[in-house]
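Chain A is the first sequence line, chain B the second, and so forth, proteins listed ahead of strands; every chain is numbered from 1. Model, not experiment: these values are computed from the prediction.
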Protein chains: 2
Amino acid sequence: MELDQRKLKILSAITETYIRTGEPVGSKLLSFYPDIRVSPATIRNDMAVLFEKGLLEQPHTSAGRIPSHLGYRVYIDELMRCSPLNAEERSQIDALFNIKYPDPDRLLADAAKALADYTGCATISTSIVQENVKVRKVEIVEAGTRTMVILLMASNGVIRNKVCHVDFAVTPEIIAFFHKFANGWLAGKSISQISSAYIGSVAVALGEYSRIFTPVLGAIFELCREVNEGSYYVNGFTNLLSYPELREGAHELFTFLENREQVTRMLSLTQQHTTVIVGRENPNQELTSASVVVSRYDIGRDVGSGIIALVGPVRLNYAKLIPHLEYFAQTMGKLLSETVEQDPQDESGLSAEYGLR
Amino acid sequence: MELDQRKLKILSAITETYIRTGEPVGSKLLSFYPDIRVSPATIRNDMAVLFEKGLLEQPHTSAGRIPSHLGYRVYIDELMRCSPLNAEERSQIDALFNIKYPDPDRLLADAAKALADYTGCATISTSIVQENVKVRKVEIVEAGTRTMVILLMASNGVIRNKVCHVDFAVTPEIIAFFHKFANGWLAGKSISQISSAYIGSVAVALGEYSRIFTPVLGAIFELCREVNEGSYYVNGFTNLLSYPELREGAHELFTFLENREQVTRMLSLTQQHTTVIVGRENPNQELTSASVVVSRYDIGRDVGSGIIALVGPVRLNYAKLIPHLEYFAQTMGKLLSETVEQDPQDESGLSAEYGLR
DNA sequence: TGTTAGCACTCAGGAACAATGAGTGCTAAA
DNA sequence: TTTAGCACTCATTGTTCCTGAGTGCTAACA
């Protein structure tokens, strides 16, 4: 990009003004900007060059200029100045996590929802489950004469429960028996390996009891599947409707965002710490009039990570939102690694406690 | 309403045709209907009368007629024939609940989501918490050296858990101590009475231990609040965007639906088993171009109940959707009352077990 | 060689007007 | 009470004209 300083300044000014006002920017308006201070005619010459290079667009002949999606790209990569958050902004983000005693499983969903309203965007939040996550232990709690609660605790700190209705009277003895049995077969086992077939073999080992414990094993299998799948939330659909440029294709956009597979495929393309996908850069047609800002958070080594993304109009205040999102992701990672107890890496204790396997 | 048979037939035909096609219905088209069989001129005379009575509207002079919101009301109350569901339809609804081992807490959310996609509407689903719901018991499970899971079981069968991070090493002794203590103060206690102040007095009773148990008591308090609040879900926003007549005010409509208080106030006006609120009948401006079909489900006496509502355009296939919704609500109630174990009405057993209070 | 003033040009948006046709309201006859 | 006939209405579509913001180009200027 062999462009002189002034042309870059003009591209930057057009982009920022358009982001702010939503109106095409004309040469006369730019001539008043203190950093530019040349006549409208000169600016027009420069704009013609920027247009040639594909950095600017013109809604129609007699309108001002707006940045093309490539223009946004140059602005984001080379021109914009992201200032680090000031104390007030940091505390505003911190407040989004303002849950007194955070439950790690709910923190992601709740904070992402708050972030959506804070930014006026939609948010996508996912947790990525490591390959090597294991079952730490299974706990069973009596919850009624014929009801039990199954708790599955995984080595990445995720804890999930499920209520399970059974056909027999739940007694402490039965619970103790099944607790020991289930942990013997499951504790320390890699979660991704707990298939329907494996549960079947566990059922076989239960022998004559297998029939009555079927719902319990089923519940455990479902819990493993849920933990292994990680989480996927989209929040703030309503916010997107406040942008006229997104209303037209809102139905297609929303349908796309609700499809976890499609979105995951799209997000998996972004490998850097923070990535911006501007409008038509996105291979998915549904998103050509939207921008996506993607950031990762990490929860300590080998424990897990996740993705937080903002979805908004192309005309997005990148310079402000990128540092906000990064600080949010960083805080999320920090809070989760504090809350989620790291696996002590020795399942030996438990394996010993439960004997076999 | 002193209207002869033919006029009612015309109103009914206009309503059903308009629901099907979305186009204003003209006199010529109606003259071909086998039940009517009079000339367009006659139909026009009748339409003029129906218009006088406020049952029909005309988008403009040279267009056909569409039902007014009052016209829909008459159609719904007096004209439409709801046929009971056939076997196939019933099994389609049953399939929406197709969760092998349903967790009562998730059944409502999951099935309502499925219902939204089945009907092409948005759904609102709430559970209504009875006044007299009590804490059945609190269970504590070790989930790491400094992490515990708190389980709250309520007399209405609701079971909720929360992960809680503490500042001390979690040992079986501490768990046993706190378990006994907490149940002594909470088991059998009415959930709505567990205020922040009450938790404060529990903390005082803990004496020197109160400081370290603060997060645990906090978690218990939050759990009580959550159980007492019941649940509120809205699903299928995206579906609503497929109706052009709702796109205009979609932002306001969505914002309204996300506001639990407002929606609850609106739904609380409906006291019958199934109620329809047609467009402008709704006092809330955001909903004047939408219709709401509300149905209740019940989970056995004194255990609980809830509301399932469909939100869609005014031009809704009421004759089909009302029986579907009713069957859905009925099935939901049946499934929940099977799954949720009814309170045996004697907390005496537990009170005895935990001594005091 | 880069910058600027001047001016003709372009085109979206809005207003004004006419043509078209679907569907009506009214009247008089059956 | 029903119907045929006919004049009438008005949304829609297309055309034309006007206005003004903003441009592109040219020639003069520094």
> Considering the options Glu16(A), Glu23(A), Glu245(A), which one meets the salt bridge (charged side-chain N to carboxylate O under 4.0 Å, His left out) requirement together with Arg315(A)?
Glu245(A)

> Ignoring backbone atoms, test whether Arg44(A) places a side-chain nitrogen or oxygen under 4.0 Å from the OP1 or OP2 oxygen of dT4(C).
no

> What nucleic acid atoms does Arg6(A) come within less than 4.0 Å of, heavy atoms only: base, sugar-phosphate, or nothing?
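Here Arg6(A) touches the backbone only, sparing every base.
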
> OP1 or OP2 of dT24(C) sitting under 4.0 Å from any side-chain N/O of Ser27(B)?
yes

> Let's test your reading of the model: under 3.5 Å, does the base of dC10(D) pair with the side chain of Thr61(B) as donor and acceptor?
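Not at all, since no donor on one side and acceptor on the other fall under 3.5 Å apart.
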
> Between dC11(C), dT24(C), dT23(D), spot the one nearest the side chain of Gln58(A), thanks.
dT23(D)

> Given dA5(C), dC11(C), dT23(D), identify the nucleotide with an atom nearest to the side chain of Ser39(A).
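The closest nucleotide is dA5(C).
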
> Of Pro40(B) and Pro59(B), whose closest DNA chain D nucleotide lies nearer the 5' terminus?
Pro40(B)

> For the side chain of His60(B), starting at C-beta, report the closest nucleotide among dC11(C), dC10(D), dA4(D).
dC10(D)

> Picking from dT3(D), dC10(D), dT23(D), which would you name as closest to the side chain of Val38(B)?
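Closest nucleotide to the Val38(B) side chain: dT3(D).
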
> Would Arg65(B) count as a cation-pi partner of Phe51(B), with NZ or CZ less than 6.0 Å from the six-membered ring centre and within 45° of the ring normal?
yes

> Let me know the distance between NZ of Lys7(B) and C1' of dT2(D), rounded to the nearest Å.
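Those two atoms, NZ and C1', are 12 Å apart.
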
> What's the closest nucleotide to the side chain of Thr42(B) if the choices are dA4(D), dT2(D), dA11(D)?
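Among the listed nucleotides, the one closest to the side chain of Thr42(B) is dT2(D).
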
> Tell me which nucleotide among dC11(C), dT4(C), dT23(D) gets nearest to the side chain of Arg65(A).
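Of dC11(C), dT4(C), dT23(D), dT23(D) is nearest to the side chain of Arg65(A).
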
> So Ala63(A), base contact, sugar-phosphate only, or nothing? Heavy-atom distance under 4.0 Å.
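Sugar-phosphate, no base atom in range.
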
